[in-house]
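Each remark here refers to the structure printed beneath this line.
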Amino acid sequence: SGVEMLTGDVAEYEKALIVYEKMLAFEMDHVQRSNIERKMGECCLEIIKQKNDLSICERAIAAFEKALLVYTKERHPIPRAKVMRDLGFAYAAYADHANRSKNLKQSILYLEESLSIFSITSLPQDYAFIQNELGGAYRKLAELESRQENGKKAVEACKAALRVYNLKDSPQQFAATMARLGSCHLTLAQAANAADHAKSCKEAIVAYQEAIQVYSPVNSPMQYAAMKNNLAIAYLSLSETEDKSGNCRLALAACQESLLYKTREEDPQAYAASQNNLGNAYLALAEEDEVEEN
């Protein structure tokens with residue numbers, strides 16, 4: 001692959017990592033050393049947000065796990081919970097590279113443990129953020145195993161985050177969590193019987209429509225297009241169990257709307273996904289017309 005140009009941010013965090021590495025050579029007590037390890041882990045997480053590669057995930061996990069050895073539940077409950085939370089994030093990123101199922105489970109363990117300190121009453125914003133991440137981890141795990149059980153847990157975690165996030169006070173977080181909730185419902189739909197399948201599809205549609213209130217085509221064209229694409233998938237899925245023709249037409253309209261805000265050059269993968277959904281909607285509609293003719 002070509003040489004990656006680092007953005008200012010990544011370069012700054014990488015410089016900070018070098019400084020912290022040098023500091024570890026000095027004499028200091030266990031807690032000071034743990035604080036530096038934790039800061040190193042936090043730098044790695046910031047780098048992961050911009051370029052998630054295997055080695056930086058491993059480095060983050062190693063730093064946080066060293067910090068955890070010193071932060072005890074009794075003497076350092078808050079720093080310990082923060083490291084648990086951050087280990088949850090690091091393992092979720094690591095799952096993109098290796099041992100997907102095992103690392104997602106590890107991520108979930110750490111995130112759930114951190115919620116003993118980050119409660120909805122004491123630290124609502126942290127609580128909501130962790131629950132949203134937990135929803136994402138459970139959804140990815142549901143795609144690998146125990147789809148129904150993990151899918152339900154994913155939905156529950158997103159709903160827990162939505163006890164804090166609302167359209168008025170935190171529109172961006174509200175929309176992102178609603179979008180994730182929609183995807184969790186769709187994951188659940190794939191494991192359901194006909195009645196539950198339709199119910200899950202409809203719940204996904206409602207969630208995506210809630211998110212779209214925030215993502216306007218003018219201010220957030222990429223997110224708006226993504227939500228329209230997700231709606232198309234949900235309508236197509238719903239068409240499998242009820243009102244095939246009507247839901248296929250809704251899927252078609254959502255796809256066409258999505259493609260107004262996407263170009264092949266800007267986002268080739270998203271563009272291809274929408275074109276694929278468009279093809280699926282036309283095909284399903286053609287099949288339905290054939291059935292009606294016969």
Side-chain angles (χ1 to χ4, degrees), residues 4 6-138 141 157 160-161 164 173:
E4 274 188 72
L6 292 185
T7 63
D9 281 346
V10 170
E12 294 306 315
Y13 288 119
E14 287 181 339
K15 282 178 198 160
L17 272 176
I18 294 164
V19 173
Y20 290 135
E21 285 276 8
K22 287 178 180 166
M23 285 170 74
L24 287 175
F26 297 113
E27 281 294 313
M28 61 184 88
D29 68 29
H30 289 319
V31 175
Q32 286 171 316
R33 187 171 288 275
S34 284
N35 289 340
I36 289 175
E37 293 283 4
R38 189 174 116 201
K39 282 177 182 166
M40 287 174 70
E42 286 167 357
C43 284
C44 291
L45 279 187
E46 290 299 330
I47 294 167
I48 287 168
K49 283 178 194 169
Q50 294 179 57
K51 55 160 202 169
N52 178 5
D53 69 44
L54 178 66
S55 63
I56 209 81
C57 290
E58 287 171 341
R59 208 166 165 191
I61 288 166
F64 286 132
E65 284 181 345
K66 279 180 195 162
L68 208 55
L69 295 173
V70 175
Y71 294 141
T72 61
K73 220 176 216 171
E74 298 71 37
R75 295 185 61 183
H76 313 278
I78 302 236
R80 182 179 173 82
K82 283 181 178 170
V83 170
M84 290 273 186
R85 173 200 65 194
D86 290 346
L87 267 168
F89 299 158
Y91 269 107
Y94 191 32
D96 289 344
H97 299 286
N99 303 337
R100 194 165 172 80
S101 169
K102 180 172 168 247
N103 286 324
L104 284 169
K105 285 175 187 167
Q106 197 62 54
S107 168
I108 287 164
L109 274 177
Y110 280 126
L111 291 173
E112 285 185 336
E113 194 160 337
S114 75
L115 285 169
S116 63
I117 295 289
F118 294 112
S119 72
I120 192 164
T121 44
S122 63
L123 294 154
Q125 291 300 317
D126 291 279
Y127 169 87
F129 189 69
I130 293 164
Q131 288 284 14
N132 186 27
E133 289 296 315
L134 207 46
Y138 269 123
L141 190 58
V164 178
Q173 291 95 325

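Separating the CG atom in L87 from the CG atom in L109 is a distance of 11.0 Å, to the nearest 0.5 Å. Residue L123 holds its CG atom at 6.0 Å from CD1 of I78, rounded to the nearest 0.5 Å. One finds the CG atom of D53 at 7.0 Å from the SG atom of C57 (value rounded to the nearest 0.5 Å). Between N52 atom CG and L45 atom CG the span is 10.0 Å, to the nearest 0.5 Å. Atom CD1 of I47 and atom CG of L17 lie 5.0 Å apart (nearest 0.5 Å). The CG atom of D86 lies 5.5 Å from the CD atom of E42; values are rounded to the nearest 0.5 Å.
With sequence neighbours excluded, the residues forming a side-chain hydrogen bond (donor to acceptor under 3.5 Å, both in side chains) with E46 are K49, listed by chain and number. Residues satisfying the side-chain hydrogen bond (donor to acceptor under 3.5 Å, both in side chains) test with E37, not counting sequence neighbours, are none. Qualifying side-chain contact (heavy atoms from CB on, under 4.5 Å) partners for F129, counting only residues two or more places apart in sequence or in other chains: F89, E133, Y165. Looking at residues two or more places apart in sequence or on another chain, you find a side-chain contact (heavy atoms from CB on, under 4.5 Å) between A16 and Y20, C43. The side-chain hydrogen bond (donor to acceptor under 3.5 Å, both in side chains) search around R80 returns none, not counting sequence neighbours. With sequence neighbours left out, R33 forms a side-chain contact (heavy atoms from CB on, under 4.5 Å) with L24, M28. Partners of E21 according to the salt bridge (Lys or Arg N to Asp or Glu O under 4.0 Å) rule, which considers only residues two or more places apart in sequence or in another chain, are R59.
When all heavy atoms of V31 and D29 are compared, the closest pair comes out as N-OD1, 3.1 Å. Considering every non-hydrogen atom in both S114 and I130, the closest pair reads OG-CD1, 3.5 Å. Across every non-hydrogen atom of P79 and R38, the tightest pair is CB-NH1, 3.5 Å. Scanning all heavy atoms of the two residues, the minimum distance from N132 to A161 falls at N-CB, 4.0 Å. Residue L115 comes nearest to Y127 through the heavy atom pair CD2-CD1, 3.7 Å, listed as atom of the first residue, atom of the second, then distance. When every heavy atom of L141 is checked against every heavy atom of I108, the shortest pair comes out as CD2-CD1, 3.9 Å.
The shortest side-chain heavy-atom distance between F64 and M84 does not fall under the 4.5 Å cut-off. Contact of the K51 side chain with the I56 side chain is not registered, since no non-hydrogen atoms from C-beta on lie closer than 4.5 Å.
Screening residues 117-129 for salt bridge (charged side-chain N to carboxylate O under 4.0 Å, His left out) gives R85-D126 as the qualifying pairs, with residues at least two apart or on separate chains. Residue pairs that meet the side chain to side chain donor-acceptor pair (under 3.5 Å) test with at least one member in residues 98-113, sequence neighbours left out, are D96-R100, S101-E145, K105-E145, E112-Y138.
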Side chain to side chain contact (heavy atoms under 4.5 Å, CB included) between I18 and E14, intermediate numbers included: CA-CA 7 Å; I18 294 164; E14 287 181 339; 5.7 Å; no
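A salt bridge links E12 with K15: the distance from a Lys NZ or Arg NE/NH1/NH2 to an Asp or Glu carboxylate oxygen falls below 4.0 Å.
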Listing, residues 65-76 side-chain donor-acceptor contacts under 3.5 Å, not counting sequence neighbours, or none:
residue: E65; atom: OE2; partner: Y91; partner atom: OH; Å: 2.8
residue: Y71; atom: OH; partner: N35; partner atom: N; Å: 3.4
residue: Y71; atom: OH; partner: N35; partner atom: OD1; Å: 2.5
residue: T72; atom: OG1; partner: R75; partner atom: N; Å: 3.1

